[in-house]
Amino acid sequence: MWRARSVQRLGYTTLSPKWAPRAARFMANAETATSTDCTTISIVLNGRKTTISGPDGRLALDAAREAGIGIPTLCYYPNVANHRAVCRVCLVDINGRLRPACATELSEGDVIQTHSPELDAYRRKDLELLLARHPEDCMRCEVEHGCRLRKAVHTLQPARVPVTLRGRGEADPHRIHAQDHTSPAIDRDVDKCIDCNLCVDACGTGGQEQHIFGMVERGAGMLQTTAFDVSLPDSQCISCGQCTVVCPTGALTEQSIWRDVLSVLDSRSRTTMVQVAPATRVAIGEEFGLPPGSISTGRLVRALRLLGFDLVFDTNFGADLTIMEETHELISRVTTGSAPLPLFTSCCPGWVNYVELNRPDLMPHLSTTKSPQQMHGAISKRILAPRLASRDSSADSSPDTSAVDTADTEPPRSAYVVSVMPCTAKKEEALRPTGAGDIDAVVTTRELARMIRARGIDFASLENSWAPFDSPLGESTGAGQIFGASGGVMEAAARTALHILREKDPEPFGDAAPTIDFHPVRGVGRGIKEAELPVIGRVAVCNGIAAGMELLAQPGWKERYTAIEVMACVGGCLGGGGEPQSMDPNILQKRAQAIYAIDAKTEIRRSDLNEEVRTLYKEHLGGQPGSHEAHQLLHTDYAERRTPRCALGRVLAAVDLRDGAKVASLFAEDSAEWDTATETYGVVRGRPAIEALVNERLPPPPAPNSGLRHRLADPATGMAVKMPNGELCEFDVELDPGTGLVQRLTRIPEVSKSQ
């Protein structure tokens, strides 16, 4: 029934001859299969004879770590292809010569000395040179706990040196963006950069293939920057965050907002809800010394309650909901031709960013279903929150609000919705027009660890027995859990889609028993996996954005595939840009094993069997997937970046939220004009007048649970908008060629009535 072949196609030919073999070896570490080309050699390590086994080309650093010997290193990160050995902090003595442990391959009989007064002196000198242009801001640095530079300094104690920061001269062409805090996903502080080139390689050849960062100038003036020194939002950055995973200092981090979340929790002024992604529960333990791949669901739920969240929900509920809508969309496209094939999954915001930035021609192929985060946020904010605020729902239809004080004397509190994600791009996704306002804050797995430490919670000591999520929005299936792994979305969709198709027509399936485990689409090795599904056809899974780009370069891919899953990060969410840093080369395999172990032990493993999802459809979503109500709440649209359509969507989203300041900020400062084409409001000119119009003159927005918002009429093209009152209008948008902000927004009166 399930015929598949795995295709691994990463093109190392783009690397120089020097790096290609080494890159292939590093990538081989990420494969689940065990290499058959293992060799064993004998070496002398710190005076002791030992043998090491593994693939050819084992590094001195690997051998030392396997022997339990720590060697400081700053420019090395497992599975990054181009290890340049530029920091020299990992120098070791091999056969009487100083060599970088991270780039020196061992041979039979090698004699290695990892620590000596001479080696420590070299390392101290290297650290002093790095510290001479590094800000003394450790106590305020976001990554103080995990900074590898700080750890090396603490261990080796180099001398204090005067600090001279780069990019500060008036004539320096790169000084403007030495610090870039403009991205909603990634924060950049080049002052803290130590020129390790890890971000360049993680984003470049052999990595994500996006080439956002590069090194400019030479010698003491060398620094990292983007092409033409633009800010990250003005670049082609897809916000995947792989640069933040490999960065050894605080030069690149997620855009941190965890302190703001703690402030809201401490104020007790709002009803706080949190959802937790599947990949977080198998990775957060690493931040507290637990073994890689530890399943910490019980600890995680207890920690979130100790932090003060009123309601703790499971993003896996949103994943099951996503599967219901995406499966319906896929079957509809296959059986009726309602939209183009192949269908691309839309759960990964890094992938969606790539399409909108680089391949807008693919937008009609993207599934219009929102991601699990955005679906969960929409249900939380627009359905659950109003019911909690009203406090008059009947007992048999109201959610369990036991975690919320419902005393009659207490006034209703507004909802504050937080998501804990393994992904930096989720921060940007929460701001998309069709979901703006549904998620108040997105924190990464690393940020949650900082919150837990800030409140003095001993995470590792918390009980890890089963702890229930709150209901509703807390029940989930094994299919929702595997969303965290590459191939998980495709497998979850296949479980439900094949069941539905088999129920309609069993003949194409023969007498074979229904399949629930689809191993051919699993695996954390980067590349492309293919499989053949009855009725549906051939599907593909692209593990990493580079694999997705490679697939798109193949001739005939549109005819070959029916559905394609793309995850921007290798390993899927398990390797997301917000996950803990790890020097374990097999970390993705260990996290994946934990994900699939949870799935295997889950009683219900198909999304269509989630009872809370069924109840949600019955009571609020028109009774079935694909209904009008479901489309209003659970589907999205797309727009090529830096175009009038993109600007229009952002303006109307801010109008729906009645955020006058945000609307005004989207207009050009000196030439803002909004022609409303109405007698009531007329033509509004200038940012202050536009802000006043939205905040003071427009009527109150529709109730959150009404689902009434401005929506682009076509999910991929055009300037037609379906208004909250049902009218269909066209808009004309003129952008300032210099800033990309709106110069003139014109509403063209009613085109036709919606049916």
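For the single chain, residues carry numbers from 1 onward in sequence order. Predicted model, so just to flag it, every value in this text is computed and none were measured.
Between Val566 and Cys348, the closest heavy-atom pair is O-CB, 3.7 Å. Residue Val190 comes nearest to Leu223 through the heavy atom pair CG1-CD1, 3.8 Å, listed as atom of the first residue, atom of the second, then distance. Nearest heavy-atom pair, Asp440 versus Gly437, reported as atom, atom and distance to 0.1 Å: OD1-O, 4.5 Å. For the pair Cys75 and Val86, the tightest heavy-atom approach, listed with the atom from each and the gap, is SG-N, 3.4 Å. When all heavy atoms of Pro78 and Met583 are compared, the closest pair comes out as CG-O, 3.2 Å. Of all the heavy atoms in Pro278 and Gly484, the pair that sits closest is CG-N, 3.9 Å.
Annotation: side chain of Pro372 is not in contact with side chain of Asn316 (no heavy-atom distance under 4.5 Å). Between Phe228 and Asp234, every side-chain heavy-atom pair lies at or beyond the 4.5 Å cut-off. With contacts defined as side-chain heavy-atom distances shorter than 4.5 Å, the pair Ser231/Ser183 does not qualify. For the pair Leu735 and Val742, the minimum side-chain heavy-atom distance is below 4.5 Å. Contact of the Leu448 side chain with the Leu307 side chain is registered, since non-hydrogen atoms from C-beta on lie closer than 4.5 Å. Taking 4.5 Å as the limit, some side-chain heavy atom of Leu127 sits within range of a side-chain heavy atom of Leu74. Gln481 places a side-chain heavy atom less than 4.5 Å from the side chain of Ile595.
The existence of a salt bridge linking Asp438 and Arg709 is confirmed by a sub-4.0 Å separation between a basic side-chain nitrogen and an acidic carboxylate oxygen. In summary, Arg281 and Asp314 engage in a salt bridge, as defined by a charged side-chain N under 4.0 Å from a carboxylate O. The residues Arg450 and Glu287 are annotated as not salt-bridged, no charged nitrogen and carboxylate oxygen being separated by less than 4.0 angstrom. A salt bridge is defined here as a Lys NZ or Arg NE, NH1 or NH2 lying under 4.0 Å from an Asp or Glu carboxylate O, and Lys590 with Glu286 fails to meet this definition. Note on Glu429 versus Lys426: salt bridge recorded, some NZ/NE/NH1/NH2 to OD/OE distance being below 4.0 Å. Between Lys370 and Asp637 no salt bridge is recorded (no basic side-chain N to carboxylate O distance below 4.0 Å). Salt-bridge check for Glu691 with Lys662: failed, with every basic side-chain N at 4.0 Å or more from each acidic carboxylate O.
For the residue pair Asp310 / Thr271, no side-chain donor-acceptor distance below 3.5 Å is found, with atom types taken as modelled. Judged purely by distance below 3.5 Å, without hydrogens or angles, the side chains of Glu142 and Trp258 pair a donor atom with an acceptor atom. Between the side chains of Asp260 and Ser263, not a single donor N or O lies within less than 3.5 Å of an accepting N or O. A donor-acceptor pair shorter than 3.5 Å cannot be found between the side chains of Ser582 and Asp584. Of the N and O atoms on the side chains of Thr424 and Glu254, not one donor lies less than 3.5 Å from an acceptor on the other residue. Side-chain contact check for Arg446 and Thr244: at least one donor-acceptor pair (N or O, by modelled atom type) lies under 3.5 Å. If you check the side chains of Thr164 and Arg133, you find no donor sitting under 3.5 Å from an acceptor. Of the N and O atoms on the side chains of Ser294 and Ser296, not one donor lies less than 3.5 Å from an acceptor on the other residue. In the model, Glu565 has no side-chain atom that pairs as donor or acceptor with a side-chain atom of Thr345 under 3.5 Å.
Between the Ser419 side chain and the Met421 main chain, no donor and acceptor come within less than 3.5 Å of each other. In this structure, the side chain of Arg641 does not engage the main chain of Asn358 through any donor-acceptor pair within 3.5 Å. In this structure, the side chain of Gln242 engages the main chain of Gly575 through a donor-acceptor pair within 3.5 Å. For the pair Lys381 (side chain) and Val417 (backbone), a donor-acceptor distance under 3.5 Å is absent. In this structure a side-chain-to-backbone donor-acceptor pair under 3.5 Å is present from Arg658 to Val655. A donor-acceptor pair under 3.5 Å links the side-chain atoms of Thr444 to the main chain of Glu447, judged by distance alone. Using a distance-only test at 3.5 Å, with no hydrogens or angles considered, no donor-acceptor pair links the side chain of Asp266 to the main chain of Val264. A donor-acceptor pair under 3.5 Å is formed between the side chain of Arg687 and the backbone N or O of Phe667. In this structure, the side chain of Gln275 engages the main chain of Gln373 through a donor-acceptor pair within 3.5 Å. Without hydrogens or angle criteria, Asp736 side chain to Thr739 main chain gives a donor-acceptor distance under 3.5 Å.
Interatomic distance, CD1 of Ile383 versus CG of Leu473, reported as 8.5 Å (0.5 Å rounding). The OG1 atom of Thr322 sits 10.5 Å away from atom NE2 of His376, with the distance rounded to the nearest 0.5 Å. Atom CG of Leu321 and atom CG of Leu633 lie 8.5 Å apart (nearest 0.5 Å). Note that the CD atom of Gln224 and the CD1 atom of Ile194 stand 12.0 Å from one another [nearest 0.5 Å]. Atom SG of Cys247 and atom CZ of Arg188 lie 11.0 Å apart (nearest 0.5 Å). In this structure, Phe309 CZ and Met273 CE are separated by 12.0 Å, a value rounded to the nearest 0.5 Å.
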key: Verdict with reasoning, Ile238 to Ile212, per side-chain contact (heavy atoms from CB on, under 4.5 Å)   = CA-CA 9 Å; Ile238 63 174; Ile212 302 302; over 6 Å; no
request  = Decide side-chain contact (heavy atoms from CB on, under 4.5 Å) for Phe469 and Thr297; before the verdict, give the C-alpha distance in whole Å, the side-chain angles of both, and the deciding distance to 0.1 Å.
outcome  = CA-CA 10 Å; Phe469 290 96; Thr297 310; 4.1 Å; yes
inquiry  = Set out, in order, the CA-CA distance, both residues' side-chain angles and the distance that settles side-chain contact (heavy atoms from CB on, under 4.5 Å) for Thr280 and Thr445, then state yes or no.
reply    = CA-CA 6 Å; Thr280 295; Thr445 305; 3.1 Å; yes
ask   = Could you go step by step and tell me if Asp470 and Arg305 meet the salt bridge (charged side-chain N to carboxylate O under 4.0 Å, His left out) rule?
value = CA-CA 11 Å; Asp470 286 305; Arg305 297 199 189 283; 3.1 Å; yes
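Judged by the 6.0 Å and 45° rule, Arg645 forms no cation-pi pair with Tyr638.
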